[in-house]
Each structure stands twice: as structure tokens, then as C-alpha cells.
Q: 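Would you mind keeping the following structure in view while I ask a few things?
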Amino acid sequence: MTRYLSSLARRSATALCAVAGAAALTLPPTTAAQAAPTAPTFSAKLVSFHANDESGADWLGSDEVYAGFLDRSDGNLQFAWTSTHTSVDSGDTKTIAPGERCITRNDLTYDANGDGDRQPREGDVSLCFGSRIPTFEIALYDKETSWKYWEFNPNCICTRLHEDDELLFHGSYQYSGPTLMAAMPKVYDTKVLTLRSQARTNANYTVTVEFLRQS
């Protein structure tokens, strides 16, 4: 009797394996696209800038500062300009308006003047998206209104609104996916960096950039 039950159990187990195998074969195969994880993306925003030392002698006046962005992520070239912050003196920190912060790839959702260009300073609204490898330039300029800056540099990036505006800060930055993933292991994690100018200017400014892992 024991032998018969043991033999029956083996035959039942074999039959169950066969049924399971047949059931597995009926499932739709997983494609490579379905199996591959989504590549992480990261957005970058300019949160603020700080004047460690304004341009020229402090007693002569104040800087009138606006920021320019050039996003090179994913092969795109997108420019944007912020509003001008007036009366910036040494030691001042100025916060960028939330709607003007996006550096990386974005989609224009409202074009205030219908020119097709993203101009946060003119009321344009856009959605800020991420890139796999954020690559961008940031520049700060002192808006000159009454005289031409005597050290005008024609080699500045094209985020200057007027040719006589004085360059205060300029830097080119690229951040790899693995580096950012190490700093932001989970979706919606953030990382804040303080960046210094890579160009020699007649001032000393730093900028604060916030990265967000979006996927």
C-alpha cells in the first residue's frame, strides 16, 4: 500500500509539473522594452544667487542682476532669461521666482507674447522636465543702462540681453546619470549644489542649483 501511494504521488507530481509547464508556455513573452527599467531623468533649477562681492567698488552703486540659461541636454539648445534683480550689493542673496527657475528641458505651455521663445521674465509658463545627463550653462549679467562696459567680452554665451551688459558669472556643467543616482537613489529625491563661476569676472558670485530625480 505504501509503495502504491509513493508511486501515485510521483505520477501526480509529474503531471502537475507538466500542467505548470504548459500554463507557462501560454503566457505572452516579455519584450525587451518591458523588461528594461526606465532610464532615470533629472531636472535642474536655479534657486538663487549670492553676491560675495559685487562688481566694481561697492560705494559706486549696486548691480542689477539677471540670469541666463543655455540647456544642452539631450542635444537640445534652449535659452531662457530671468527677471532682473535690482540693487544687489555685496553680501546679498536673491531668490529666483519659482516660474523662472527651470534650466533643463521644458515644454512651453503658455507663450505670453506669442514669439515662440521661452521667456519666464515676460510671463511665459513652461513645464520643467528632466534629462538623463543634465548639461547646461548659467550666466549672470549686470544690466547696464547708461554706459558701455569697458571690458565687454564678445565671447560670452548668448544669454546676454544687451551687448553692454557686464558678465558677472559664467559656468558650463554636465552631470552623469550614475553620479546623480548615487546622490539621489530614489525618485523625487533632491540635491542642492552651490556652484562657482568658471570665468574670471570683475565680481564674485555663486549660484545655488537644485537637482530633482524625476524618474
Q: Starting at CG of L140, measure out to CG of D165 and round the result to the nearest 0.5 Å.
A: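 These two atoms lie 12.0 Å from each other.
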Q: Okay, side chain of Q214, backbone of G130: is any donor-acceptor separation there less than 3.5 Å?
A: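 The answer is yes, because a donor-acceptor pair under 3.5 Å joins these two groups.
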Q: T82 side chain to A67 main-chain N or O, any donor-acceptor pair under 3.5 Å?
A: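 Present.
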Q: Applying the 4.5 Å side-chain criterion to the ILVMFWY set and letting contacts propagate, would V47 and F69 be lumped into a single cluster?
A: no
Q: Answer whether the closest heavy-atom distance between the side chains of V187 and P40 falls below 4.5 Å.
A: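 They are not in side-chain contact.
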Q: Side chains of S131 and T41: does their closest heavy-atom pair fall under 4.5 Å?
A: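 They are not in side-chain contact.
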Q: Report the hydrophobic cluster partners of F129, with the cluster defined as I, L, V, M, F, W, Y residues connected by side-chain heavy atoms closer than 4.5 angstrom, directly or transitively.
A: L127
Q: Quick check: closest heavy atoms across S55 and D63, and the distance to 0.1 Å?
A: OG-OD1, 2.6 Å
Q: What pairs with V192 under side chain to side chain contact (heavy atoms under 4.5 Å, CB included), at least two apart in sequence or on another chain?
A: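 So V192 forms a side chain to side chain contact (heavy atoms under 4.5 Å, CB included) with T208, E210.
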Q: Please identify each residue that fulfils side chain to side chain contact (heavy atoms under 4.5 Å, CB included) with T84, with sequence neighbours left out.
A: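 For T84, the residues satisfying side chain to side chain contact (heavy atoms under 4.5 Å, CB included) (neighbours in sequence not counted) are E64, Y66, R121, K143.
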Q: Run the numbers on K191 and F42 for side chain to side chain contact (heavy atoms under 4.5 Å, CB included), then give the verdict.
A: CA-CA 10 Å; K191 177 70 174 180; F42 308 89; over 6 Å; no
Q: What residues, two or more places apart in sequence or in another chain, satisfy side chain to side chain donor-acceptor pair (under 3.5 Å) together with D142?
A: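 Per chain and number, D142 pairs via side chain to side chain donor-acceptor pair (under 3.5 Å) with no residue.
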Q: Tell me, yes or no, whether the heavy-atom count around K94 atom NZ, taken from other residues, nucleotides or ligands under 6.0 Å, exceeds 12.
A: yes
Q: Treating R101 as the side-chain partner and I96 as the backbone partner, does any N or O pair qualify as donor plus acceptor under 3.5 Å?
A: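 Checked: pair present.
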Q: Minimum heavy-atom separation for S87 and S62, please, with both atom names.
A: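 Minimum heavy-atom contact is CA-CB, 3.6 Å.
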Q: Would you indicate whether the side-chain heavy atoms of Y141 and L167 approach each other to under 4.5 Å?
A: yes
Q: Of all residues at least two apart in sequence or in a different chain, which pass the side chain to side chain donor-acceptor pair (under 3.5 Å) check with T93?
A: H50
Q: Is the distance from the ring center of F136 to that of Y173 below 6.0 Å?
A: yes
Q: So, does R213 use its side chain to make a donor-acceptor pair with the main chain of P185 at under 3.5 Å?
A: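 Looks like yes, one N/O pair under 3.5 Å.
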Q: Anything under 30° is parallel, anything over 60° is perpendicular, the rest tilted; go ahead and classify H85 against F49.
A: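 H85 vs F49 ring planes: perpendicular.
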Q: Among I138, V65, N204, find the one that has a side-chain contact (heavy atoms from CB on, under 4.5 Å) with F169.
A: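 Single pass found, and it is I138.
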Q: Just to verify, what does D189 make a side chain to side chain donor-acceptor pair (under 3.5 Å) with, not counting sequence neighbours?
A: none
Q: To the nearest 0.5 Å, how far apart are CG in N52 and OH in Y205?
A: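 The OH atom of Y205 is 9.5 Å from CG of N52, to the nearest 0.5 Å.
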Q: For residues A44 and V209, report the shortest heavy-atom separation together with the two atoms involved.
A: CB-CG1, 4.1 Å
Q: Check whether S197 reaches the backbone of A199 with its side chain - one donor and one acceptor, N or O, closer than 3.5 Å.
A: yes
Q: Ignoring hydrogens and angles, state whether a donor on the side chain of S83 or E100 is under 3.5 Å from an acceptor on the partner side chain.
A: yes
Q: Regarding D71 and T104, is there a side-chain donor-to-acceptor distance under 3.5 Å anywhere?
A: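 There is no such pair between these side chains.
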Q: Keeping to residues at least two apart or across chains, list the side-chain hydrogen bond (donor to acceptor under 3.5 Å, both in side chains) pairs with something in residues 174-184.
A: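 Found T135-Q174, S176-T179.
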Q: Which pairs, with at least one residue in residues 182-215 and sequence neighbours excluded, count as a disulfide bond (SG atoms under 2.5 Å apart)?
A: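 Matches after skipping sequence neighbours: none remain.
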Q: Quiz question: by atom type and distance under 3.5 Å, do the side chains of T194 and T206 form a donor-acceptor pair?
A: no
Q: How far does CD of E54 sit from CG of N202, to the nearest 0.5 angstrom?
A: 10.5 Å
Q: For the hydrophobic clusters of this structure (ILVMFWY residues joined by side-chain heavy atoms under 4.5 Å, transitively), does one cluster hold both L212 and M181?
A: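 No: no chain of side-chain contacts under 4.5 Å links L212 to M181.
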Q: Going by the rule side chain to side chain donor-acceptor pair (under 3.5 Å), which residues pair with D92 if we only count those two or more places apart in sequence or in a different chain?
A: none
Q: List the atom of W81, the atom of G68, and the distance in Å for their closest heavy-atom pair.
A: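 Closest heavy-atom pair between W81 and G68: CD1-CA, 4.3 Å.
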Q: Can you list every pair that meets disulfide bond (SG atoms under 2.5 Å apart) and has a residue in residues 99-139, with sequence neighbours left out?
A: C102-C128
Q: Is the shortest heavy-atom distance from the side chain of H170 to the side chain of E137 under 4.5 Å?
A: yes
